[in-house]
Amino acid sequence: MKGTDNLASSINIPKFQEDLISWFEKEQRVLPWRENQDPYRVWVSEIMLQQTKVDTVIPYYLRFMEKFPTLEALAYAEEQDVLKAWEGLGYYSRARNLQTAVREVVEVYDAKVPDNPSEIGSLKGIGPYTQGAILSIAYNKPEPAVDGNVMRVLSRILLIREDIAKPKTRKLFEQAVRELISESNPSYFNQGMMELGALICTPRKPSCLLCPVQEHCVAFEKGVQEELPVKVKKIKKTTHSYFALILEDNAGNILIEKRPDEGLLAQLWQFPMIDKKKVDQQHLQTFIENKFETKIESMEVKEPVKHIFSHLVWQLDVIYVKLKQSIKVEENTTLVTKEGISTFPLPVSHQKIHKQIPDTE
DNA sequence: AAAGCGTGGCA
DNA sequence: TTGCCAAGCTT
């Protein structure tokens, strides 16, 4: 045991806990996942909230809970229905991992969410943060739940200048939380830290004059709160250009294809895309006729669509193609009516393409 | 350790 | 417009 009680040695810990928790009791937002401490409801909210704003999550959470009200309802649901409910929320592996994990809880833990670190932490999609969040919020266990908010808040209060982009740094903040956390109310302590980060101790222009723990904050005392946390820059994102094809056969059906099981937008459906590096617009008609073994009646250029991801960009030239004949349906592709497309989970860029399909005459 | 994985809001 | 940011996890 080394470095016991050195990170937070400048803090009056009981006073800090009291200031934080009483502020949270008074100022916390009313949110659907705060109605009770049902571990399943807490769990779903924590997964949805990963890298995602509260305002974005709320409508998804309400719909999701209506559709999958219990852990078992989610476990027995069709995966495509789960992805459809997640459509537009992003990071789709969260949805697949969540369902994998609840199925394991049904089979291995008799449908009860584990209440200890090793078992809950071994579940798919539950990492160090989510593990601590569920244990503290649903089970009131004094475990650290260190997310971006907590690292920002504590980097200021304790004047920690470690680079929060480095994986190793999270452990340092977990140690700090272990020193600071309230044993009597770890749930409100952790939620209070995150709520403080969301409402007061914001990334830019923090509202220090309203802060319930201002008197404990070293960065405020020194006037350097806006310099923290330290975070290194990330690289520029590369652009990939494609033709996105709305292929309509002679019967009015549209071809869509399922993306691979892993990787970007895994298992979502999309309109066929052709890398522009492989063919220019002059040869596009012949290319399509060869690739899909069909004949083209007419082609029309629609509005281009740009799709910005966290690490890359898609530039999509949308081409509406009417065929003289039918299309060959292969593995992982299907023909659907214009209305039927909306039942498949589509990435945001392809929802926009879907809207560009002309109405039936 | 570093890279891959979505999306929307905001300065 | 561009880059940054948001209740991170997996490989």
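Labels below follow one simple rule: chain letters A, B, ... track the order of the sequence lines, proteins then strands, and each chain is numbered from 1.
- Defined by atom type and a distance below 3.5 Å, a donor-acceptor pair is present between the side-chain atoms of Glu248(A) and Tyr320(A).
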Side-chain donor-acceptor pairs of residues 121-130 of chain A under 3.5 Å, sequence neighbours excluded:
from      : atom 1 : to        : atom 2 : distance (Å)
Ser122(A) : OG     : Glu119(A) : O      : 2.8
Tyr129(A) : OH     : Glu46(A)  : OE1    : 2.6
Thr130(A) : OG1    : Gln50(A)  : NE2    : 2.9

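- Separation of the C1' atoms belonging to dT10(C) and dA1(B) is 13 Å when rounded to the nearest angstrom.
- No hydrogens or angles considered: a donor-acceptor pair under 3.5 Å links the side chains of Ser136(A) and Asn190(A).
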**Prompt:** How does protein contact run along nucleotides 5-11 of chain B, one letter per nucleotide 5' to 3', with B for base contact, S for sugar-phosphate only, - for none, heavy atoms under 4.0 Å?
**Reply:** BBBB---
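- Between the CD atom of Gln315(A) and the P atom of dT1(C) there is a distance of 10 Å, rounded to whole Å.
- As rounded to the nearest Å, dG6(B) and dT1(C) have P atoms that lie 24 Å from one another.
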**Request:** Take Phe64(A) and Phe68(A), measure what ring pair (Phe, Tyr, Trp, His ring centres under 6.0 Å) needs, and give me the verdict at the end.
**Result:** CA-CA 6 Å; Phe64(A) 199 90; Phe68(A) 313 108; 4.8 Å; yes
Scan the side chains in residues 271-278 of chain A for donor-acceptor partners under 3.5 Å anywhere in the protein, sequence neighbours excluded, and list what turns up.
from      : atom 1 : to        : atom 2 : distance (Å)
Asp275(A) : OD1    : Lys277(A) : N      : 2.9
Lys276(A) : NZ     : Asp317(A) : OD2    : 2.7

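- The list of side chain to side chain donor-acceptor pair (under 3.5 Å) pairs with a residue in residues 92-114 of chain A, not counting sequence neighbours, reads Thr52(A)-Arg94(A).
- Scanning residues 22-38 of chain A for heavy-atom distances under 4.0 Å to DNA chain C yields Arg29(A), Leu31(A), Trp33(A), Arg34(A).
- DNA chain B lies under 4.0 Å from no heavy atom of any residue of residues 115-142 of chain A.
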